[in-house]
Amino acid sequence: MSETSIDPDRVRSILTRYPQGDGSGLIHALQDIQAEFGYVACEAVARLCEHLNIPLSKAFSVATFYKAFSLEPKGETIIRVCTGTACHIRGSQILADELSSLLDVEPGGTTKDLKFTLETVNCVGACAMAPVVAFNGVYQGNVQPGALTRKIRGGK
Amino acid sequence: MSEKVVNLEINGRGFQAREGMTILEVAKREGIPIPTLCHHDALEPVGACRLCMVEITHPNWRGWKGLVTACLYPVEEGLQVTTESQEIHQVRKTILDLLLARCPDAPYIQKVAAEHGVTATSFKKNEVQTVCILCGLCVRVCAVKGCNAIGTARRGIRREIAAPFGMPPPDCIGCTSCAHICPTDAIPWEDVNGVRKIWDQEFEMVRCVSCGRPIMPVTQLEFEAKRAGISPDYMTTCPACSQQKTLETIRTAFTIKRPASEDAVEAAS
Amino acid sequence: MRINSVKSLTRAAGRARGERKRLETEVLVCAGTGCLANGSMDVAEAFLGAIRRRKLEARLKLGFKTTGCHGFCEKGPLVIIQPQGIFYKGVKAKDVKEIVDQTLLKGQVIQRLLYRDPNTKQRVEQYAEIPFYSKQHRIALRNIGKIDPKCIDDCLAVGGYTGLAKALTEMKPTEVIDAVTESGLRGRGGGGFPTGRKWKTCREAEDPTKYVLCNADEGDPGAFMDRSICEGDPHAVLEGMVIGAWAVGASKGYIYVREEYPLAVKHLQAAIEQARERGFLGDDILGTGFSYDVQIARGGGAFVCGESSALMKSVAGEVGEPRAKYVHSVIRGLYDKPTVLNNVETWANVPWIITEGAAAFASLGTKKSTGTKTFSLVGKVKNTGLVEVPMGITLREIIYDIGGGIIKNRPFKGVQTGGPSGGCLPEGKLDLPVDFDTLTEAGSMMGSGGMIVMDDRTCMVDVARYFLKFLVDESCGKCVPCREGVHQLHQTVNDICAGNGRPGDLERIEALSDVVVKASLCALGKSAPNPILSTLRYFREEYEAHINDRKCPAGVCRNLFTFRISPEICNGCGLCAKSCPVDCIAGEKKEVHVIDASVCTRCGACRNVCPTDAVEVI
């Protein structure tokens, strides 16, 4: 996998938002790193740990515990299939399976060409329009199997 | 810890304990056995293995009865504790059954499970080979050491003990405390020709200035000396030699004659 | 424009009300997450464009705003025209011109945009007359949909922060606690712990440093009450928290919000800034000398962080692992300091209780569950959305009167409440009153308010499997019974769904569940077996069909059934063939269609579209 190089200046500009030596900023700072680089890169996290004065092991535990963080770069389009209860009983599993076989990745994975990342999310709170699939944060409601295939094929 | 003394009952017998002690501490003091897997007296209890569950009857909450972990529950005035019952045994058996499904090949878990009457797991065996029961003793001892080199990674059934980013942990000093405290020998390490290997890392060992045997990794020596605020030079003698040295010093100072028998023992070894 | 006294608050509110009165017509466009997904931003922009171009503001004395969620998300985007109360649903940007021409300029109602009652087939013109709304009683949601959540003046116009003013200037902290206690308010996050008692213990804790927190980590899948409140009326939450802080003596707090709710974070952040500017947050609130400030803590995506001790760890930037709560968090919570944690809906109720009085709140609902409760009514129900009803209302009233019954009038099978910690209740329990204790007795729980309706095409074994999978993913993994036990439960149910169930599985499930309940460290583990235990209790025969007959009667577990088109019923419309993603349905128009079972993936798309119910499960 080709890793984006981590620009130290961009890391530094994130660090300045958090007071030195205050470990409580860890999760927020990791979120910023995730947003900036698309993943929590090891070298960025190491700099962060120095800044907040916390051990690297702690940051790694946090980065792997929470779903918001990814240790690897994500695809251009992040497809999130909502698998909340309302979506589930309206067939979201079928959508997730369909996307999984179409893109040839397991949920949580990224296609080799870095075009798509497929994720499942527990609930985006748009239950009334179940089943919901979000493309880079844009929600689509009442998604039917087949429609996704057309959409992905069209975009591919 | 508070000086206040409380009265409690364990298995029908009355005991006194300082407020703030846990049920497990009192039981241990009194020689009442309660099984544990994730507990160590020198470390903060976490209540992860749940093997030490005991039944309490609470003095206040209208006689509330229930299971609690002995390692965490603080004693209170009037508390009644039962450490053995059918229900408790069922819980302990199930926990060991589950751990045996997780680590079917861990001799220590096989032994403890057998002691509780579980010889084979009734659950689906883990497909991933592991002997780690995730008690977290290694992580806690590493933290107490002040290194915090390793930690937990991920969550739920995929939780594991790991070095950050799967690389040799930069904060590891090679002390092997983690490996020694592990009840199931899940952390491999070795000393070969004055080099220690642990967590995918090699550590050069300091040799004893007297006998030349490897004592500890250079990194550990520097870490410990810095923490103790002394020169590393004070720590370059192995424990055996330094004991010998101390004895010599005392003997010289008081001119005690060595008994003949000791010379004989030394000569023999 | 800092507000330094009750007097200046009254003046500011008066000014804001005056601004509103000046308007003759007001157009409200719903911009909650649901409507936004349906394209309400395009509608809003079309209105803004038309208003600017045609100078409607001056011509009609017209006001326009985007509001929080109206609750009726399924019908979005929603447009409401006040003071007439005209309710348009499913509005598209291209409809805006017509609305301006017909309704705003000529006062005519556009029939096709009105809501049509699915049962009576009648068009309903008025917001208040729609059954979905008419049975509701809104306290926590009192302002949502009426105000622009981004505008603090709009909030002041409807009485925002008057509860705070009253608490700070007319009531002692202990009197505030007494009022909350007398109101009977219980935690809306799931546990149902009496709020007043929680506050009292925290106030009496010795440590002078205390925290007041808000749990907006709405993790239950199928629930979005808290999201809607944070998006639609963030000031109500803040006001409640400041009142709580005054009552217990806290000077600092956090709102812990799910990162999956970006709009909620945005609106809360804006509200915090406005409230600080106006002197409702920060130092010397309303000139009384009392100080309290709030920060947002964004969650990292972990359901277990809804558990109080895990949430507090997460606020401190750590892994969200619960700890044993033999010492409660009201005594030793965030950073080991006494801490009050309530959820969004609980906080939103507090200002109302202070302004309207404890007795008014206690007069609603039942004796032990007072007030109202917000539910997200979703699943196989006609009217999905957010509803707030008095406690004690029956499940039947919610599902049939407000929800309009089951989609396509299919048979009702069960209703799931309480999220992953709750359970499924069958038809026989539909007349139970909805309150904390009754639902728990029946084997489910109130939880935070998710209510998922299921029809005969929902497999209850699959529902149990779904929740177990959820909990396996979300368990922190610290303690053995939850980490290993729930994993084993999930494996067993997975096997059953795959057609590999064995005799004795059900008994083994029950025995293991018993230990998981007793021995787990936190509430997540202790309640994890609930979905399976409640479905076993009410739908055991469905499990038995899976194990003994290798059949999934609902037609969900793909290894355990095949689809067949009944030649007697099929009218040859061809909709099934069009919907099939693998093109395995053949048949000429107006002739019986046939499914090629060797290709069929059993996705069920054909069954969902078939107008005559000809697709059978065999």
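Every chain is numbered from 1 and lettered A, B, ... according to where its sequence line falls, protein lines coming before strand lines. Scope of the values below: all heavy atoms of this structure, side chains included, with no hydrogens, waters or symmetry mates.
Note that OG1 of A/Thr83 is 8.5 Å distant from CG of C/Asp473, once rounded to the nearest 0.5 Å. Note that SG of A/Cys123 is 8.5 Å distant from CZ of C/Arg227, once rounded to the nearest 0.5 Å. C/Phe470 contributes atom CZ, which lies 10.5 Å from atom OG1 of A/Thr120 (distance to the nearest 0.5 angstrom).
When every heavy atom of A/Gly84 is checked against every heavy atom of C/Tyr466, the shortest pair comes out as C-OH, 2.9 Å. The two residues A/Val62 and C/Gly317 have their closest heavy-atom pair at CG2-O, 3.9 Å. Nearest heavy-atom pair, A/His28 versus C/Ile296, reported as atom, atom and distance to 0.1 Å: CE1-O, 3.2 Å.
With a threshold of 4.5 angstrom between heavy atoms, C/Glu259 approaches chain A through side-chain atoms but not through N, CA, C or O. Only the side chain of C/Arg558 comes within contact range of chain A, with at least one heavy atom under 4.5 Å from a heavy atom of that chain. For chain A, the nearby part of C/Val304 is the side chain; its heavy atoms alone come within less than 4.5 Å. Using a 4.5 Å cut-off between heavy atoms, C/Arg298 contacts chain A through both its backbone and its side chain. Heavy atoms closer than 4.5 Å to chain A are found in the backbone of C/Val315, but not in its side chain. Looking at C/Cys305, the atoms closer than 4.5 Å to chain A (heavy atoms on both sides) all sit in the side chain, from C-beta outward. Looking at C/Asp455, neither its backbone nor its side chain comes within 4.5 Å of chain A, counting heavy atoms on both sides. Contact of A/Asp97 with chain C is made through the side chain alone, with heavy-atom distances under 4.5 Å. In this structure, chain A has heavy atoms under 4.5 Å from both the backbone and the side chain of C/Lys380. Of the atoms belonging to C/Val609, not a single heavy atom falls under 4.5 Å from chain A. Contact annotation for C/Ser376: neither backbone nor side-chain heavy atoms come within less than 4.5 Å of a heavy atom of chain A.
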Under 3.5 Å donor-acceptor pairs involving side-chain atoms of residues 137-145 of chain A, not counting sequence neighbours:
none

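Contact annotation: the side chain of A/Val124 never approaches that of C/Tyr261 to less than 4.5 Å [non-hydrogen atoms, C-beta and beyond]. The closest side-chain heavy-atom distance from A/Glu98 to C/Val582 is not below 4.5 Å. Taking 4.5 Å as the limit, some side-chain heavy atom of A/Val121 sits within range of a side-chain heavy atom of C/Glu260.
Of the possible polar contacts, one joining the A/Gln31 side chain to the C/Gly299 backbone as a donor-acceptor pair under 3.5 Å is found. Listed for the A/Thr85 side chain is a donor-acceptor partner under 3.5 Å among the backbone atoms of C/Pro221.
Just one residue in the list C/Thr384, C/Leu386, C/Val378, C/Leu377 forms a side-chain contact (heavy atoms from CB on, under 4.5 Å) with A/Cys127, and that residue is C/Val378.
Chain A forms more heavy-atom pairs under 4.5 Å with one residue of C/Gly419, C/Gly222, C/Pro262, C/Pro581 than with any other, namely C/Gly222. When the candidates C/Gly385, C/Ala605, C/Gly320 are compared by the number of heavy-atom contacts under 4.5 Å with chain A, C/Gly320 comes out ahead. Between chain C and the residues A/Arg90, A/Lys67, A/His88, A/Met129, the largest count of heavy-atom pairs under 4.5 Å involves A/His88. No other option in C/Glu218, C/Gln416, C/Arg258, C/Met225 has as many heavy-atom pairs under 4.5 Å with chain A as C/Arg258. When the candidates C/Ala297, C/Gly300, C/Cys69 are compared by the number of heavy-atom contacts under 4.5 Å with chain A, C/Gly300 comes out ahead. If you tally non-hydrogen atom pairs under 4.5 Å between each of C/Leu36, C/Asp462, C/Val463 and chain A, the highest count goes to C/Asp462. With chain C as partner, the option from A/Ala130, A/Ala68, A/Ala29 having the largest number of non-hydrogen pairs under 4.5 angstrom is A/Ala68.
In this structure, C/Lys469 places its NZ atom where only 12 or fewer heavy-atom neighbours from other residues, nucleotides or ligands lie under 6.0 Å away. Crowding of A/Asp7 atom CG: a count of heavy atoms from other residues, nucleotides or ligands under 6.0 Å exceeding 12. In the displayed structure, C/Lys408 atom NZ is contacted under 6.0 Å by more than 12 heavy atoms of other residues, nucleotides or ligands.
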Query raised in the report: side-chain hydrogen bond (donor to acceptor under 3.5 Å, both in side chains) between C/Ser314 and A/Tyr66: does it pass, once the steps are laid out?
Result: CA-CA 10 Å; C/Ser314 190; A/Tyr66 294 101; 2.9 Å; yes

Requested in this report: Determine, step by step, whether A/Asn122 and C/Glu474 satisfy the side-chain hydrogen bond (donor to acceptor under 3.5 Å, both in side chains) criterion, reporting the C-alpha distance in whole Å, the side-chain angles of both residues, the deciding distance to 0.1 Å, and the verdict.
Outcome: CA-CA 10 Å; A/Asn122 283 331; C/Glu474 295 296 339; 2.6 Å; yes

